[in-house]
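Not measured: the values here are computed from a predicted model.
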Amino acid sequence: MSNVSNEFMDEHFYSNCTHSSDTMTNSGSDDSYQAVEWKNVIPEKWDCELVQNYIAHILYRNEFDNDRIVITQDKFRECNGQKLMRMQHHDFIQLDPDSGTVIYREFQELNRTPHTITKTARSKREPAAKKPRTPSTRGRKPGQLSKGNHLWEFLRDLLNDDRSNPHLLKWVNREEGIFRIVKSEQVAKFWGDKKKRPKMSYEKMSRAIRFCRDVGYFGEVPKNVGHPKKLIFKFGNKAHGWDKKDPNANLDFLKNISY
DNA sequence: TAATGATTTCCTGTTT
DNA sequence: AAAACAGGAAATCATT
């Protein structure tokens, strides 16, 4: 509740974080992969969401699995149509080595041909779309992200923000994805702000972390490696975007691609 | 609407 | 002793 709190309560703090999870679109389901809202708009006018819609569509057609699609979408989370058009082949590869070339080529091809606006994009089925997808039931599909405002993403974004990094939490071993929460109650309060949970506490947030650890968003912290034993956490297999080696962790170069 | 993923809330017990 | 850590159980919320 100190001055620090006021500083962080500033709405700019979170509004500036829209580049991360907040703009993530819901495109994990088979239905949304087949939805082609982007066809309603010319690429120049695509917002981040339409770009994600496009990315999902391309990857889906190219047989990328669900998890892969979700992760790649996140890597393009800061891109709108303008930026996409400014990006060169190597930019795509830098963002995602696995699918960069595919997306780049598809996008080039799209821009090469006159873009015809599809009016009934929603109901349009992709002829090329095969059927090897997992038969979906209802609700959220495995690996599908909802709004992106997940605990591991929140913590990741805090770690990537110098307004919180050394002060509220910090890396203990960035290469390993190990970090330390310094101001536990403060971090929990901000988490509560984001989730609109005024009663959030570190005790409850840490319970959530333990659940998230069970499903792979966080991992087991190697024991007896020097660092203290309390308030130490580690990102797990299902978390991404925190790794320095992962271009997703540093999207600065995108800022040079102006409008 | 019902199913589902991701917490949130509460609690008891253990460890640091 | 205080703050964390561990989980079980049940409730809640958002999303499809």
Closer to the 5' end of DNA chain C via nearest nucleotide, is it A:Glu220 or A:Lys230? A:Lys230
Which residue lies toward the 5' end of DNA chain B, A:Met200 or A:Arg210, if each is placed at its nearest nucleotide? A:Met200
Atom-to-atom span, [atom1] of [X] to [atom2] of [N] - whole angstrom:
X        : N     : atom1 : atom2 : result
A:Asp214 : C:dA6 : CG    : C1'   : 10 Å
A:Asn149 : B:dT8 : CG    : C1'   : 14 Å
A:Glu185 : C:dA4 : CD    : P     : 7 Å
A:Phe211 : B:dA6 : CZ    : P     : 12 Å
A:Glu153 : B:dG5 : CD    : P     : 17 Å
A:Leu151 : B:dG5 : CG    : C1'   : 14 Å
A:Glu203 : C:dC5 : CD    : P     : 11 Å
A:Arg180 : C:dA3 : CZ    : P     : 15 Å

Output the single nucleotide from C:dA3, B:dT12, B:dA6 whose closest atom is nearest the side chain of A:His150. B:dA6
Testing C:dA4, B:dT7, B:dA6 for proximity to the side chain of A:Ala208, the answer is B:dT7
Within less than 4.0 Å of OP1 or OP2 of [N], is there a side-chain N or O belonging to [X]?
X        : N     : result
A:Ser206 : C:dA6 : no
A:Tyr202 : C:dA3 : no
A:Arg197 : B:dT9 : yes
A:Trp191 : B:dT8 : yes

So, does the side chain of [X] form a donor-acceptor pair with the base of [N] at under 3.5 Å?
X        : N     : answer
A:Lys229 : C:dA4 : no
A:Arg207 : C:dG8 : yes
A:Lys204 : B:dT9 : no

How long is the straight-line distance from OG of A:Ser99 back to CD1 of A:Ile55, given to the nearest 0.5 Å? 7.0 Å
Classify the nucleic acid contact of A:Met205 as base, sugar-phosphate or nothing, counting any heavy atom under 4.0 Å across all strands shown. nothing
Neighbour count >12 (heavy atoms, 6.0 Å) for atom NZ, A:Lys170: no
Near A:Asn237 CG, under 6.0 Å, is it more than 12 heavy atoms from other residues, nucleotides or ligands? no
Distance-minimising heavy-atom pair for A:Gln73 and A:Ala56: NE2-CB, 3.5 Å
Going by an N to O cut-off under 4.0 Å, is there a salt bridge joining A:Lys194 and A:Asp157? no
